[in-house]
Amino acid sequence: MDGMKKGFFSHQLCYRRSLLNKHILYLSADDKVDSIMPFQREVSLTTFCEGVLLVVAPGFESEKEAFCRTMRKQMDENRLLSVGEAVIQNPVYLRHMADDSQPCSLYTITSVNWATARLRDDCLDLAKVL
């Protein structure tokens, strides 16, 4: 295994139009998506990210406020929607899906209540990981 790869693990991973449970995202040294593997055991040099991890194009940064506004509206309008499902249906996210040829950015929504898969206390905390 190439030591230059960086691994990121979270409860849920949003990559393109897929919502993956307990997968490790590997990025190459230049922050491009290398591979995504189901989590089997603890792997060294893997960063654990609380919550739902989003793999997006760098342009997402400029629209993250719009993403959050849309996400809050989605969650308010549909009481059954999980955080992860809301992300992969969010038009701002869909506009900025990562593409394998470009370096990506990673964000995580940390405020998830896993008992309900909804936002904890209706609070949306979006943090940049990379």
Side-chain angles (χ1 to χ4, degrees):
M1 181 170 138
D2 176 9
M4 300 309 291
K5 287 199 297 194
K6 297 178 283 232
F8 296 88
F9 171 67
S10 70
H11 295 95
Q12 275 189 328
L13 174 67
C14 296
Y15 177 65
R16 298 191 190 260
R17 293 176 188 275
S18 300
L19 183 58
L20 305 166
N21 288 312
K22 299 199 170 33
H23 277 63
I24 299 179
L25 166 74
Y26 288 103
L27 298 181
S28 59
D30 57 357
D31 295 335
K32 292 179 182 165
V33 174
D34 180 86
S35 58
I36 296 173
M37 310 291 286
F39 176 79
Q40 284 161 329
R41 64 189 180 290
E42 290 289 326
V43 181
S44 63
L45 302 176
T46 298
T47 304
F48 177 74
C49 304
E50 183 66 40
V52 177
L53 188 64
L54 286 61
V55 186
V56 292
F60 178 82
E61 175 75 28
S62 64
E63 280 201 275
K64 65 181 189 207
E65 304 307 324
F67 169 83
C68 291
R69 271 195 310 277
T70 305
M71 178 105 184
R72 283 195 187 91
K73 190 167 168 257
Q74 289 171 291
M75 299 302 283
D76 287 345
E77 288 173 0
N78 183 345
R79 288 290 178 208
L80 299 175
L81 199 61
S82 73
V83 171
E85 288 165 341
V87 170
I88 61 172
Q89 293 172 23
N90 187 309
V92 179
Y93 168 80
L94 293 170
R95 255 198 316 278
H96 294 286
M97 284 189 296
D99 125 20
D100 296 344
S101 65
Q102 301 270 323
C104 64
S105 293
L106 302 178
Y107 287 81
T108 182
I109 297 173
T110 54
S111 48
V112 181
N113 172 348
W114 290 107
T116 61
R118 303 256 317 155
L119 292 172
R120 189 171 48 237
D121 306 324
D122 286 326
C123 184
L124 176 56
D125 296 324
L126 181 68
K128 186 167 187 176
V129 178
L130 181 77

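These figures come from a predicted structure and were not determined experimentally.
Residues I109 and F67 are in side-chain contact: their nearest non-hydrogen atoms beyond the backbone lie under 4.5 Å apart. At a threshold of 4.5 Å between non-hydrogen side-chain atoms, the residues T70 and Q74 count as touching. Side-chain atoms of V83 and M71, non-hydrogen and from C-beta on, do get closer than 4.5 Å to each other. The shortest distance between side-chain heavy atoms of E65 and R69 falls below 4.5 Å. Residues R79 and R118 have side chains in contact (heavy-atom distance under 4.5 Å, counting atoms from C-beta outward). Counting only heavy atoms from C-beta outward, the side chains of L20 and L25 never approach each other to under 4.5 Å. Side-chain contact check for V33 versus L27: some heavy-atom pair is nearer than 4.5 Å. Side-chain contact between R16 and D100 is present, with at least one heavy-atom pair separated by less than 4.5 Å.
Cluster annotation: M37 and F8 are assigned to distinct hydrophobic clusters (Ile/Leu/Val/Met/Phe/Trp/Tyr, side-chain heavy-atom contacts under 4.5 Å, transitive). Side-chain heavy atoms closer than 4.5 Å link hydrophobic residues (I, L, V, M, F, W, Y) into clusters, and following such links, even through other members, never connects I88 to V55. In the hydrophobic clustering of ILVMFWY residues, with side-chain heavy atoms under 4.5 Å counting as a link, M97 and L130 come out apart. The cluster map of Ile, Leu, Val, Met, Phe, Trp and Tyr, joined by side-chain heavy atoms under 4.5 Å apart, puts V129 and L45 in different clusters. A single hydrophobic cluster is not seen to contain both L19 and I24; linkage of ILVMFWY side chains at heavy-atom distances under 4.5 Å, directly or through other members, places them apart.
One finds the NE2 atom of H23 at 11.0 Å from the CD atom of Q12 (value rounded to the nearest 0.5 Å). Taken to the nearest 0.5 Å, the CD atom of Q89 stands 5.5 Å off from the CG atom of L81. The CD atom of E50 sits 7.5 Å away from atom OG1 of T108, with the distance rounded to the nearest 0.5 Å. The OH atom of Y15 sits 13.5 Å away from the CG atom of L54 when rounded to the nearest 0.5 Å. In this structure, SG in C123 is found 7.5 Å from CZ in R72, a value given to the nearest 0.5 Å. L106 contributes atom CG, which lies 11.5 Å from atom SG of C14 (distance to the nearest 0.5 angstrom).
Here the closest non-hydrogen pair linking M75 and A86 is SD-CB, 3.7 Å. Closest of all the heavy-atom pairs between S10 and G51 is CB-O, 3.6 Å. Nearest approach of S105 to P58, heavy atoms of both residues: OG-CA, 3.6 Å.
The backbone N or O of S82 sits less than 3.5 Å from a side-chain atom of E85, completing a donor-acceptor pair.
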Determine, stepwise, if the pair H11 / V112 fulfils side chain to side chain contact (heavy atoms under 4.5 Å, CB included).
-> CA-CA 10 Å; H11 295 95; V112 181; over 6 Å; no

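Because its NZ or CZ atom is both nearer than 6.0 Å to the ring centre of Y26 and within 45° of the ring axis, K5 counts as a cation-pi partner of that residue.
Relative ring orientation between F48 and F9 is described as tilted, the plane-to-plane angle lying within the 30° to 60° band.
Between K6 and D31 there is a salt bridge, since at least one side-chain N of the basic residue sits less than 4.0 Å from a carboxylate O of the acidic one.
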